[in-house]
K.L.:
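Before we start, here is the structure in question, set down as structure tokens.
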Amino acid sequence: MHNMSNKLTQVKSRIQQAAKSANRNPDDITLLAVSKKQSVEKVRELILQGQQDFGENYLQEAIEKIETLNDQQVRWHFIGPIQSNKTRSIATHFDWVHSVDRLKVAQRLNDQRPEHLPPLKICIQVNIDGEDTKSGVNPSEVATLCREIAKLDKIEMHGLMCIPAKEGTDAFTRMQALFKAVGDEISLHHWDTLSMGMSADLEEAIDAGSTIVRVGTALFGERKV
Ligand SMILES: *Cc1c(COP(=O)(O)O)cnc(C)c1O
């Protein structure tokens with residue numbers, strides 16, 4: 001218990017410091033606790049410490065946690081690769097999806113979002129370093145995709161997400177520029193989110209305007225495999 005709360009305090013203070021160095025308001029940065037391959041008990045401890053946003057990559061594992069913790073006030077974010085035959089389950093169980101990378105997936109999430117739930121909040125995943133192995137949209141295709149997704153009424157498009165190839169490149173500043181360019185080009189009502197930065201590089205991401213940092217190991221320790 002003490003260990004979890006220490007780690008949460010440490011990560012929050014890293015966010016505060018990074019915001020301060022970047023002349024930003026720390027309240028504009030959301031900490032997303034990435035709980036993939038971590039136990040429900042650890043998630044529960046973080047909830048007790050006031051953590052409200054949790055990210056999951058693997059659908060089956062995520063749904064088990066979501067159902068076990070359904071009495072809790074938690075926002076669930078799906079951040080993993082999306083197979084199109086899994087969209088119904090994602091649209092039913094999650095508040096946010098960070099990893100939308102094609103129109104077909106957005107359309108299915110839109111059509112399958114249950115009527116009684118608010119619109120699903122999404123980010124488009126950008127393959128910012130043009131890696132063959134990584135999912136995500138090519139930066140040059142982001143604006144076109146955004147225009148199409150903006151027509152869907154059960155989807156609320158908030159911004160962009162990336163997982164850079166490695167540290168020490170300017171991937172985050174390129175994302176920041178792309179985010180601004182798309183926002184200037186298309187008028188989008190909820191264009192307010194840059195999901196980038198993880199345990200190792202959240203400071204650089206915050207310096208480049210990140211509004212959601214996705215932190216796993218720095219909060220929970222190493223993942224079970
Ligand atoms: C696992 C994962 C994270 C968290 O990574 P850490 O290095 O453990 O902080 C963040 N984003 C995505 C998309 C992930 O898959």
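Scope of the values below: all heavy atoms of this structure, side chains included, with no hydrogens, waters or symmetry mates. For clarity, every value in this text was computed on a predicted model and none was experimentally measured. Whatever order the structure lists ligands and atoms in, that order sets their numbers, starting from 1.
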K.L.:
Please identify which atoms of ligand 1 are closer than 4.0 Å to at least one heavy atom of Val215.
P.N.:
9 (O)

K.L.:
What residue and atom, counting heavy atoms only, is the protein's closest point to atom 2 (C) of ligand 1, and at what distance?
P.N.:
Lys36 NZ, 2.6 Å

K.L.:
Describe, in one word, how the ring planes of Phe220 and Phe54 are oriented to each other, choosing from parallel (under 30°), tilted (30 to 60°) and perpendicular (over 60°).
P.N.:
tilted

K.L.:
Is the closest heavy-atom distance from His98 to ligand 1 below 4.0 Å?
P.N.:
no

K.L.:
Would you please test Thr217 and Glu222 for side-chain hydrogen bond (donor to acceptor under 3.5 Å, both in side chains) and show each step?
P.N.:
CA-CA 5 Å; Thr217 46; Glu222 292 301 321; 5.3 Å; no

K.L.:
Applying side-chain contact (heavy atoms from CB on, under 4.5 Å) between Val213 and each of Leu32, Ile206, Val34, report the one that passes.
P.N.:
Ile206

K.L.:
By number and element, which atoms of ligand 1 are closer than 4.0 Å to a non-hydrogen atom of Ile163?
P.N.:
13 (C)

K.L.:
Give the residue, atom name and distance (to 0.1 Å) of the protein heavy atom nearest atom 6 (P) of ligand 1.
P.N.:
Ser199 OG, 3.5 Å

K.L.:
Should you measure from each heavy atom of Thr217, which atoms of ligand 1 turn up under 4.0 Å away?
P.N.:
6 (P), 7 (O), 8 (O), 9 (O)

K.L.:
With a cut-off of 4.0 Å, which atoms of ligand 1 are near a heavy atom of Ile79?
P.N.:
11 (N), 12 (C), 13 (C), 14 (C)

K.L.:
Over all heavy atoms of both residues, which pair between Ala150 and Leu188 is shortest? Give the atoms and the distance, please.
P.N.:
CB-CD2, 3.7 Å

K.L.:
Between Glu156 and Arg113 (salt bridge meaning N to carboxylate O under 4.0 Å), is one present in this structure?
P.N.:
no

K.L.:
For Arg88, does the CZ atom sit with more than 12 other heavy atoms under 6.0 Å from it, leaving out its own atoms?
P.N.:
no

K.L.:
Which ligand 1 atoms are under 4.0 Å away from a heavy-atom of Arg214?
P.N.:
4 (C), 9 (O), 10 (C), 11 (N), 12 (C), 13 (C)

K.L.:
Can you find an N/O atom of Gly216 closer than 3.5 Å to an N/O atom of ligand 1?
P.N.:
yes

K.L.:
Would you mind running through ligand 1 and noting each atom that sits below 4.0 Å from a heavy atom of Asn57?
P.N.:
14 (C), 15 (O)

K.L.:
Using a 4.0 Å cutoff against the non-hydrogen atoms of Arg223, which atoms of ligand 1 qualify?
P.N.:
1 (C), 8 (O)

K.L.:
Using a 3.5 Å distance criterion without hydrogens, assess whether the side chain of Arg174 forms a donor-acceptor pair with backbone atoms of Ile128.
P.N.:
yes

K.L.:
Salt-bridge test for Glu203 and Arg14: reply yes if a basic N is under 4.0 Å from a carboxylate O, no otherwise.
P.N.:
yes

K.L.:
Looking at atom 5 (O) of ligand 1, what's its closest protein heavy atom, distance included?
P.N.:
Met198 SD, 3.8 Å

